[in-house]
Amino acid sequence: MERRTTRSSLLRTVIGLLLLAPILLIILVYFSTSVSGTATLPNGIIATINGPFSASESGGRTVVDASGRQFVFTPTVITVDGKSVAKIDASLRQVAIEASFSDAQLIIDGKQIALP
């Protein structure tokens, strides 16, 4: 009787591991996949965005949603979550957003901008 219980337990363990393996694979792929893209700002500069995001362009402004934050680019100012963080002028050359699942960073001309 003891031998049958041991085989049954071993069989259950093997089946459980086989069922768990695809779930672990899906989780691994989900967290190791990265997304990157671009958005055109009102002044014509192309912003590079790394990480999960959505973007829209309408009415002279570009809106990027990333990591629970909203970045709004107009011809003269950049706002994050409704607060102005930088002015846009002719000297602006590069804009990047580094987004993760927990937060995002705004980088303008190679310098990280403090976000509200």
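Values in this document were obtained by computation on a predicted structure and should not be read as measured data.
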Asker: Any donor-acceptor pair under 3.5 Å linking the side chain of Asp81 with the backbone of Gln70?
Answerer: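 Yes, because the side chain of Asp81 sits within donor-acceptor range (under 3.5 Å) of the backbone of Gln70.
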Asker: Of all heavy-atom pairs between Asp109 and Ser91, which one has the smallest distance, and what is that distance?
Answerer: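 Asp109 and Ser91 have their closest heavy atoms at OD2-O, 3.7 Å.
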Asker: Closest heavy-atom contact between Gly51 and Phe53?
Answerer: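 What the structure gives for the nearest pair is O-CD2, 3.2 Å.
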Asker: How long is the straight-line distance from CG of Leu41 back to OG1 of Thr62, given to the nearest 0.5 Å?
Answerer: 5.5 Å
Asker: Please report the shortest heavy-atom distance between Pro42 and Gly60, naming the atom on each side.
Answerer: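 Closest approach of Pro42 to Gly60: CG-O, 3.3 Å.
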Asker: Compare all side-chain heavy atoms of Ile108 with those of Val85 and state whether any distance is below 4.5 angstrom.
Answerer: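 No - every pair of side-chain heavy atoms lies 4.5 Å or more apart.
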Asker: Using atom types as modelled and distance alone, determine if a side-chain donor or acceptor of Ser67 lies under 3.5 Å from a backbone N or O of Ser100.
Answerer: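 Pair found, side chain donor or acceptor close to backbone of Ser100.
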Asker: Judged by atom type as modelled, is there a donor-acceptor pair below 3.5 Å linking the side chain of Asp65 to the main-chain atoms of Ser54?
Answerer: no
Asker: Should Leu106 and Val95 be marked as a side chain to side chain contact (heavy atoms under 4.5 Å, CB included) after you check the CA-CA gap, both sets of side-chain angles, and the distance that decides it?
Answerer: CA-CA 7 Å; Leu106 175 64; Val95 175; 4.1 Å; yes
Asker: Tell me whether Arg69 at atom CZ has more than 12 heavy atoms from other residues, nucleotides or ligands lying less than 6.0 Å away.
Answerer: yes
Asker: Testing the basics here: between Pro116 and Val80, what is the closest heavy-atom pair and its distance to 0.1 Å?
Answerer: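 Here Pro116 and Val80 meet closest at CG-O, 3.4 Å.
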Asker: Any donor-acceptor pair under 3.5 Å linking the side chain of Gln112 with the backbone of Gln105?
Answerer: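 Flag not set: sc Gln112 to bb Gln105 has no pair under 3.5 Å.
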Asker: Rounded to the nearest 0.5 Å, what separates atom OG in Ser36 from atom CD in Glu98?
Answerer: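 CD of Glu98 is found 9.5 Å from OG of Ser36.
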Asker: Give the minimum heavy-atom separation between Ala104 and Ala66, together with the two atoms involved.
Answerer: CB-O, 4.1 Å
Asker: Out of curiosity, Ile107 CD1 to Ile113 CD1, how far, rounded to the nearest 0.5 Å?
Answerer: 9.0 Å
Asker: Of all heavy-atom pairs between Ala86 and Val77, which one has the smallest distance, and what is that distance?
Answerer: O-CG2, 3.2 Å
Asker: In sequence, state the C-alpha distance, the side-chain angles, and the governing distance for Ile88 and Thr76, and then conclude on side chain to side chain contact (heavy atoms under 4.5 Å, CB included).
Answerer: CA-CA 5 Å; Ile88 295 178; Thr76 58; 5.6 Å; no
Asker: Is there a continuous path of hydrophobic side-chain contacts, each under 4.5 Å between heavy atoms, that joins Ile45 to Phe71?
Answerer: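 In one cluster with Ile45: Phe71, yes.
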